[in-house]
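The structure appears right after this line, and notes come after that.
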Amino acid sequence: MSKRTESFPEPRRRLPLRRCSFRFAGRPESVSEARQWLDRRIALADAPEETADTARLLLSELATNSVQHSPRPPGELGGFSVRVFFLHGWLRVEVHDASRRAPQSSGLPPPTPWTRAVAASSW
């Protein structure tokens, strides 16, 4: 009887989702498309439902603002991009558009860079 060692390859481990982004057209329907896109990413990251709800709400608000208020050439719809970061139980969602101006508020203190970034939530 011989002693022989066989090695078996370990099953491939699925790497955690860390960062993803996508660009959407500047149409009202794109807000819903962006929410659906975010839902698929959150499901992969296995985030809690409360965190997912908050992220969806904030994404909806910021994407809607982008569609309604971002500058665009005449006849064009503009657009916005969404970036999502997952790291050690944290979720961060960012919405960017072509505007180079800071958001204008009416009677509220001026926004800080952090308030423009959107949502950071932990689980």
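Given the structure is predicted, the values throughout are model-derived calculations rather than measurements.
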#### Entry: side-chain hydrogen bond (donor to acceptor under 3.5 Å, both in side chains) involving D39 - partner list, sequence neighbours excluded
R56
#### Entry: Interatomic distance, H96 atom NE2 to R83 atom CZ [nearest 0.5 angstrom]
4.0 Å
#### Entry: Closest non-hydrogen atom pair between V82 and A34, with its separation
CG2-CB, 4.4 Å
### Task
Check S30 against A25 and note the closest heavy-atom contact, atom names and distance.
OG-O, 2.7 Å
### Query
In Å and rounded to the nearest 0.5 Å, what is the CZ to OG1 distance from F80 to T64?
8.0 Å
### Task
Could I get the full list of salt bridge (Lys or Arg N to Asp or Glu O under 4.0 Å) partners for E29, not counting sequence neighbours?
R27
### Task
Hey, could you give me the CZ/CG distance between R41 and L91, rounded to the nearest 0.5 Å?
13.0 Å
### Query
What pair of heavy atoms forms the shortest contact from V93 to A55, and how long is it?
CG2-CB, 4.1 Å
#### Entry: By salt bridge (Lys or Arg N to Asp or Glu O under 4.0 Å) - contacts of E61 (at least two apart)
none
### Query
S60: what forms a side-chain hydrogen bond (donor to acceptor under 3.5 Å, both in side chains) with it, not counting sequence neighbours?
R35
### Task
With sequence neighbours excluded, tell me which residues meet salt bridge (Lys or Arg N to Asp or Glu O under 4.0 Å) with R23.
none
### Query
Can you find a pair of side-chain heavy atoms, one from L38 and one from V84, that are under 4.5 Å apart?
yes
### Task
Check whether any side-chain heavy atom of E94 lies under 4.5 Å from a side-chain heavy atom of F85, and answer yes or no.
yes
### Task
Kindly assign one of parallel, tilted or perpendicular to the pair W37 and F24, based on the angle between their ring planes and the thresholds 30° and 60°.
perpendicular
### Query
Considering residues, nucleotides and ligands other than E50, do more than 12 of their heavy atoms fall under 6.0 Å from its CD?
no
### Query
Going from CG on L58 to CZ on R92, what distance comes out if it is rounded to the nearest 0.5 angstrom?
12.0 Å
### Message
Count I, L, V, M, F, W, Y as connected when their side-chain heavy atoms are under 4.5 Å apart, and connections chain through other members. Are F86 and F22 then in the same cluster?
### Response
yes
